[in-house]
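To start, the structure under review is shown below, and the notes come after it.
In each ligand, atom 1 is the first atom listed, and ligand 1 is the first ligand listed. Residue indices begin at 1 and follow the sequence shown.
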Amino acid sequence: MSGQKTSATPLSMQIAQNMRDRRMLDDARFGRPARPQVIAVANQKGGVGKTTSCVNIAAGLAMGGLNVVVIDSDAQGNASSALGIEHSAGTPSTYDVIIGGMPLARALQPCPDIDGVRVCPATIDLSGAEIELVDLPKREHLLADAVREFLSLHREVDVVLIDCPPSLGLVTLNVMVAADQVLIPIQTEYYALEGLSQLWSTIERIRRDLNPRLHISTMLLTMADRRTRLSEEVEEEVRRHFPGLALETVIPRSVRVSEAPSYGQTVVTYDPRSTGALAYRKAALELSLRLEAPLEAPPEGSGVRIRDDD
Ligand code: ADP
Ligand code: MG
């Protein structure tokens with residue numbers, strides 16, 4: 001019989017799913033936090049999708065009508081590039097805000113392609129900040145003070161997303177002290193959970209000593225390859241270890257996502273109909289609904305522990 005001929009192929013199923021996602025996203029009502037939320041996008045591992053997630057979630061939130069500020073705190077300046085933002089040496093930047101006491105508003109540039117996103121770029125100057133910070137008074141609080149002052153004057157802002165460098169040094173510490181919550185991108189690969197317990201205990205320590213508001217609110221599985229069993233296994237493991245933290249939306253590995261930055265764009269603007277763009281818009285929608293109706297904070301610690309038994 002011709003059953004095989006008429007059955008849907010994976011490609012046609014994907015196309016149909018993308019159409020449903022587009023319709024859903026165009027009609028969706030995004031959530032808006034009651035107060036501006038500062039979200040650190042952090043993981044001390046490099047190459048797990050921090051920057052990609054930061055810029056694409058920023059774009060997705062802005063498309064949903066939120067007012068977003070992105071602070072690039074990685075001297076590589078990849079988030080600045082991906083958002084089409086000038087970040088040559090000497091440009092007013094995160095370095096000036098942290099080290100030079102520049103008001104955050106003075107370093108912000110509007111993102112040329114996305115209404116509702118402003119960016120504080122990172123320049124190469126920031127690579128010296130780790131050493132310069134050591135001798136400064138209040139060295140852990142410099143970014144937090146700048147962000148607090150900015151938000152007190154700019155009530156229109158809904159979300160501040162801060163792209164972190166792949167380390168747990170003084171710049172990341174400044175970000176964590178400035179943040180309300182942490183979003184951890186996790187690459188769905190074999191060593192995905194390695195290093196997470198160190199990140200977890202660092203965040204616990206910062207919460208105890210420097211910033212009682214800080215908590216891990218969200219995990220995002222990135223670069224998933226649906227054709228392999230490994231991606232699924234990592235996803236299952238993350239959901240089992242950290243119940244409720246990972247967004248339902250999983251970001252697939254996609255060439256479009258990795259191409260976009262070379263055009264100074266997010267995938268959301270570069271190829272809005274692609275599977276990767278739709279995934280990031282869905283992740284942004286989910287995140288926005290969590291921001292609007294946050295879970296009650298567990299009384300002690302973050303309420304979630306890394307289990308050592310398996
Ligand atoms: P990090 O900021 O954690 O170092 P990046 O966001 O820069 O990680 O991502 C690392 C590399 O992986 C980059 O080259 C990026 O373009 C690529 N990448 C990220 N997410 C995806 C994806 N979903 N599909 C394909 N490539 C991706
Ligand atoms: Mg990065």
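- Of the listed options Ala42, Ser258, Gly276, Ser258 places a heavy atom closest to atom 17 (C) of ligand 1.
- Using a 4.0 Å cut-off between charged side-chain N and carboxylate O, Arg226 and Glu235 make a salt bridge.
- When hydrogens are left out, the protein atom nearest atom 20 (N) of ligand 1 is Met223 CG, 3.6 Å; that is the closest non-hydrogen contact.
- For atom 14 (O) of ligand 1, the nearest protein heavy atom is 4.0 Å or more away.
- For atom 22 (C) of ligand 1, a protein heavy-atom neighbour is present inside the 4.0 Å cut-off.
- Interface atoms of ligand 1 facing Pro252, defined by a heavy-atom separation under 4.0 Å, are 22 (C), 23 (N), 24 (N).
- Ligand 1 lies out of reach of Thr222, whose nearest heavy atom is not under 4.0 Å from it.
- For Asn78, the heavy-atom gap to ligand 1 stays at 4.0 angstrom or more.
- Of the possible donor and acceptor atoms, one in the side chain of Thr172 sits under 3.5 Å from a partner among the backbone N and O of Ser167.
- For ligand 1, the atoms sitting less than 4.0 Å from at least one non-hydrogen atom of Val48 are 1 (P), 3 (O), 8 (O), numbered in the order shown with element in parentheses.
- For the pair Asn43 and Pro185, the tightest heavy-atom approach, listed with the atom from each and the gap, is ND2-O, 2.9 Å.
- Under 4.0 Å from ligand 1, heavy atoms of Thr52 appear from its side chain as well as its backbone.
- Within the structure, the closest approach of Pro166 to ligand 1 does not fall below 4.0 Å when heavy atoms are considered.
- Taking every heavy atom of Ile251 and a limit of under 4.0 angstrom, the matching atoms of ligand 1 come to 23 (N).
- Coordination check, Asn78 versus the Mg ion (ligand 2): failed, since every N/O/S atom of the residue sits at 2.8 Å or beyond.
- Counting protein heavy atoms only, atom 8 (O) of ligand 1 is closest to Gly49 N, 3.0 Å.
- Residues Asp163 and Cys54 approach most closely at CB-SG, 3.7 Å, considering heavy atoms.
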